[in-house]
Amino acid sequence: MKKIEKKDIWLLIAQVAVWSAILFAMPLATYLSTRDPHATRTSFFVVWGLFQSPVVIYFLNFYVLGPYLFFKHRYLWFFLTNLVLIIGLNSQFFYVYLNRNNLPSMPAMTTNMWIGFFGGFLMFLFLNCMVAGIAIGIRHFMRTRQIKQQLKEEKAKSTEAELAWLKNQINPHFLFNTLNNISSLCQIDADAAQDAIAQLSDLLRYAMYETNKKMVPIEGEVEFMRNYIELMKLRCNEKTEVTTSFDVKQPMEIAPLLFISLVENAFKHGVSSNRQSKIDIRLLQNADELIFNCDNTNFPKDDADRSGSGIGLENTRRRLDLMYKGRYTWEQSLQGDIYHVKITLKIEH
């Protein structure tokens, strides 16, 4: 059974208030014009006699017949139940007609009077049916809006869970590649390897504790990328040229660790120990845009190379789709031996 919430109580109060206004409008007008309590009371009973059936039909359809019959596609039972209710609540018409010859106060009815009688009866039936339709219409509107809201909330929860999963993929992926670099460095320079481990500790501290929010300040991301690049440069020899430019002056917030997978790929696929290599990473803030560029030489890895799992690009594209849908552009190309990727984000202030 559905738990009654505060909004359900307020909805009931609002509906009772509307019907009360309809029922008391005529008696109030009568009292204000005549100041006669008897006439006011008579006016109320006349109005109540006319509207008691629509009131009952409305509330039964809104709270019972709609939810338990109409919206469960039991249309035949819905229409039959309404028909029985309407006929039962308006049985006085049938009583008058069936006992027309046995009522001493019943005047002789002419043909025109009977036409008026049955015309009024049909109009009253139509009024009851219309009230039932209004109740179902209001209930349908509220039900549809509630379903849309629930779907929106479920989609938001699903998106949030997927983003968390994608970000959780980044940390072990980033850690895996970094440990590979430190492992190589241990064979060359043990002291430098120790410094690299300390630097890695700082990077992991940021990745684990500073990126729990949906958005983070751009300054922290820039510092993280600088440190990561410096750590990756330790494994590069004199044949590799690494250039960076971070032109970000205005405070803004972006999704955490958004570009790190692309930086990882640049070092994974753009560095060779025996060939000239180049990596150029730039981050530019331009009005309401943030532009990330990465150019690197392209040295495709063979199947025997197990460094990394190849999830970087797909991960980044998916996070952009989830967090910046309609607000980013992606450029990706291979010109000669230079691989180029450019991301332009529209930043909302």
Side-chain angles (χ1 to χ4, degrees), residues 2 4 8-34 36 38-147:
K2 180 185 175 183
I4 297 177
D8 298 321
I9 297 175
W10 281 111
L11 174 63
L12 176 60
I13 291 173
Q15 293 176 104
V16 170
V18 170
W19 279 109
S20 298
I22 294 172
L23 292 174
F24 287 100
M26 182 60 72
L28 181 61
T30 301
Y31 177 77
L32 293 176
S33 60
T34 65
D36 183 354
H38 177 72
T40 302
R41 186 168 56 254
T42 302
S43 174
F44 172 77
F45 284 117
V46 169
V47 173
W48 175 246
L50 291 173
F51 281 96
Q52 62 176 332
S53 173
V55 169
V56 174
I57 292 296
Y58 175 86
F59 281 102
L60 282 176
N61 273 276
F62 191 89
Y63 285 105
V64 181
L65 302 183
Y68 294 102
L69 293 180
F70 187 84
F71 295 120
K72 292 187 177 180
H73 309 293
R74 299 172 182 171
Y75 300 122
L76 180 60
W77 282 106
F78 171 78
F79 288 116
L80 288 176
T81 304
N82 266 298
L83 181 62
V84 171
L85 281 172
I86 292 173
I87 293 175
L89 291 170
N90 297 280
S91 58
Q92 68 271 16
F93 286 98
F94 297 96
Y95 178 80
V96 169
Y97 178 73
L98 294 174
N99 295 277
R100 60 188 181 279
N101 297 322
N102 300 320
L103 296 175
S105 60
M106 184 77 176
M109 300 285 284
T110 64
T111 301
N112 288 336
M113 292 174 68
W114 281 115
I115 291 174
F117 176 82
F118 284 111
F121 174 63
L122 292 175
M123 287 296 295
F124 207 66
L125 289 181
F126 175 75
L127 173 63
N128 281 268
C129 293
M130 185 175 68
V131 168
I134 291 172
I136 294 299
I138 295 174
R139 190 76 182 190
H140 175 71
F141 171 78
M142 296 179 60
R143 181 171 176 266
T144 301
R145 189 173 65 173
Q146 183 180 13
I147 291 173

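Counting heavy atoms from C-beta on, the side chains of Phe51 and Met26 never come closer than 4.5 Å. Proximity of Asn61 to Leu85: side-chain heavy atoms (C-beta onward) are nowhere separated by under 4.5 Å.
Separating the CG atom in Leu23 from the CG atom in Leu28 is a distance of 12.5 Å, to the nearest 0.5 Å. Annotation: the span from Asp8 atom CG to Tyr63 atom OH amounts to 7.5 Å, rounded to 0.5 Å. Taking CG of Asn128 as the start and CG of Leu83 as the end, the distance is 11.0 Å to the nearest 0.5 Å. Rounded to the nearest 0.5 angstrom, Ile86 CD1 and Ile57 CD1 are separated by 4.5 Å. Note that CG of Leu76 and OG1 of Thr81 are 8.5 Å apart. Values are rounded to the nearest 0.5 Å. Atom CG in Leu12 sits 8.5 Å away from atom CD1 in Ile9 (nearest 0.5 Å).
Residue Ser20 is tested with Val16, Ile22, Val18 for a side chain to side chain contact (heavy atoms under 4.5 Å, CB included); the sole match is Val16.
Shown here for Leu89 and Ser53, the closest heavy-atom pair between the two residues is CB-OG, 3.6 Å. What you find for Gly66 and Ile136 is that their closest heavy atoms are CA-CD1, 3.5 Å. The two residues Lys72 and Pro67 come nearest to each other via the heavy atoms CG-O, 3.7 Å.
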- Query: His140 and Phe70: side-chain contact (heavy atoms from CB on, under 4.5 Å), yes or no, with the steps?
  - Reply: CA-CA 10 Å; His140 175 71; Phe70 187 84; 5.8 Å; no

- Task: Would you please test Trp77 and Leu65 for side-chain contact (heavy atoms from CB on, under 4.5 Å) and show each step?
- Result: CA-CA 9 Å; Trp77 282 106; Leu65 302 183; over 6 Å; no

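At least one donor-acceptor pair under 3.5 Å links the side chain of Thr40 to the backbone N or O of Asp36.
Ring geometry, His73 versus Tyr75: the interplanar angle exceeds 60°, so the pair is classed perpendicular (tilted spans 30 to 60°).
Within a 6.0 Å sphere centred on CZ of Phe126, other residues, nucleotides and ligands contribute 12 heavy atoms or fewer.
Shown here are the ring-ring contact (aromatic ring centres under 6.0 Å, His included) partners of Tyr58, two or more places apart in sequence or in another chain: Trp19, Phe62. Residues forming a ring-ring contact (aromatic ring centres under 6.0 Å, His included) with His38 (at least two apart in sequence, or on another chain): none.
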